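What's counted below: heavy atoms across the whole structure, side chains too, no hydrogens, waters or symmetry copies. Counting starts at 1 for both ligands and their atoms, following the listed order. Only a predicted model underlies this, so the values are computations on that prediction, with no experimental measurement involved.
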Amino acid sequence: MKNYKKITLTEQEMPTQWYNIVADMPVKPLPPLNPVTKQPATKEDFIPIFAEELINQEFTHERFIEIPEQVQELYKIWRPTPLVRAYGLEKALDTPAKIYFKNESTSMAGSHKPNTAIPQAYYNYKQGIKHLTTETGGGQWGSALSFAARYFGIDLKVFMVKVSYNQKPYRKLMMNTWGADVIPSPSNLTKAGRRILLAHPQSPGSLGIAVSEAVEMAAKDPDTNYTIGSVLNHVLMHQTIIGEETIRQMEKAGEEPDIVIGCFGGGSNFAGIGFPFLRKKLTEGKNIRVIAVEPQSCPKLTRGEFQYDFGDTVGLTPLIPMYTLGHNFEPANIHAGGLRYHGAGAIVSQLLKDRLIEATDMPQLETFEAGILFARTEGIIPAPESTHAIAQAIREARQAQKEGKTKTILFNLSGHGMIDLYAYEQYFAGTLQNYSIPDSEINNSLKTLEKII
Ligand SMILES: *Cc1c(COP(=O)(O)O)cnc(C)c1O
């Protein structure tokens, strides 16, 4: 037997800073724009809905940001998370490649989302905010924030994409258990929701619509702020605790990855695992491929346009420079609910434009095949989102075998699938399919964008 399988860190070895990749980017991201004036947005534009410290983090070019002590303490409920050498998967693939995964499924919510839920709730609490709103797709972000908000004594309303609300009753119950109020979106509690329901009474909802509802509710009330689970710079930065830990763990194992892989919804877990390794590429000239994997049914990185677009469907958020399919794009109802978002974050988009990262898309059936092979060889049943990263790791391992090369492949296991077994049931029943989108549909959606760039 090999003498290591799981590489752990002690609490004392845990990183105490988040990494802000903007400091090291050769081309900085374009600024967000005020949605009305179309001028660069200022910090003041964000004040009605975000905690001030989070706004500062959104704009800063500081390289490292100190993690508040109280946040570090809460992280220790489940951090540091294990880095695991996937010997079982390697053996099944008969590959010369070494495969490692960072296991972010061990948190209370079962995903990487608490890494940012806790600091977001903390900074709002510090500012005396009493109510928070947010959206959730698959339900992972809503559940992560439900615990964090409750811990700091903040009341939370979660707008949950209606199709997920119906498909995932247990996610809703997790949020209720932690004390949050969960509302299927589109709802008639907001102008945005009512507008969508009027046009599409049967709308299954989308992340973009749910964002509109949560933002509208927060903007109306000075005691209420909004929080977001992905896309924005500060959220991506909080997730870098993942990669910072992994760098230390890889050092312990005496390894360095050639390839780093994350699944891609809005970019947070991808940034979390990828950005600290990109620092080695940007500042030390290390040759590391960092790959984002998106679903074939929502291919903003591989088939979208680099353009200013809204973060939500109705157009309430600042305009963000991003690879986007257009804010009205309605992705097919795939099971990786957390990846059904029309756009990408500004930093990731700029990195992709500058070819410092790669992107690829993955058909749904291949992701489930990969997820099941992983479950049967490594034991953990992965979230449908995470299976996208696994599928790409498998492609790379097969490529290494073809080329007869040893490569070190690292991917982020962003979450477990214990609350998503319904998706596996559908896969076993043979009712899942691939969704490839015709160019015409993407072009029609992109046509509605104002061409600011
Ligand atoms: C939310 C989520 C994702 C997608 O969001 P990103 O911001 O792109 O990371 C991926 N995996 C899991 C398990 C999630 O909960």
Those residues that, when tested against Leu173, pass side-chain contact (heavy atoms from CB on, under 4.5 Å) (two or more places apart):
Tyr170, Asn176
Is any NZ, NE, NH1 or NH2 atom of the basic residue among Arg248 and Glu245 found under 4.0 Å from an Asp or Glu carboxylate oxygen of the other?
no
Quick one: ligand 1 N/O to protein N/O pairs below 3.5 Å?
residue: ligand 1; atom: 7 (O); partner: Ser230; partner atom: OG; Å: 2.5
residue: ligand 1; atom: 7 (O); partner: Ser268; partner atom: N; Å: 2.9
residue: ligand 1; atom: 7 (O); partner: Ser268; partner atom: OG; Å: 2.7
residue: ligand 1; atom: 8 (O); partner: Gly265; partner atom: N; Å: 2.6
residue: ligand 1; atom: 8 (O); partner: Gly266; partner atom: N; Å: 3.0
residue: ligand 1; atom: 8 (O); partner: Gly267; partner atom: N; Å: 3.0
residue: ligand 1; atom: 9 (O); partner: His112; partner atom: NE2; Å: 3.1
residue: ligand 1; atom: 9 (O); partner: Ser268; partner atom: OG; Å: 3.2
residue: ligand 1; atom: 9 (O); partner: Asn269; partner atom: N; Å: 2.8
residue: ligand 1; atom: 9 (O); partner: Asn269; partner atom: ND2; Å: 2.7
residue: ligand 1; atom: 11 (N); partner: Ser414; partner atom: OG; Å: 2.7
residue: ligand 1; atom: 15 (O); partner: Lys113; partner atom: NZ; Å: 2.7
residue: ligand 1; atom: 15 (O); partner: Gln140; partner atom: NE2; Å: 3.4

Considering residues at least two apart in sequence or located in another chain, which fulfil the ring-ring contact (aromatic ring centres under 6.0 Å, His included) criterion with Phe46?
Phe59
Ser187 versus Glu213, side-chain donor and acceptor atoms under 3.5 Å
yes
Would Lys5 and Tyr87 count as a side chain to side chain contact (heavy atoms under 4.5 Å, CB included) if you check the C-alpha gap in whole Å, the side-chain angles of each, and the deciding distance to 0.1 Å?
CA-CA 8 Å; Lys5 169 88 177 163; Tyr87 283 121; 3.7 Å; yes
Residues which pass side-chain contact (heavy atoms from CB on, under 4.5 Å) with Pro299, listed by chain and number, not counting sequence neighbours
Glu294, Thr302, Arg303, Leu325, Ile437, Ile442
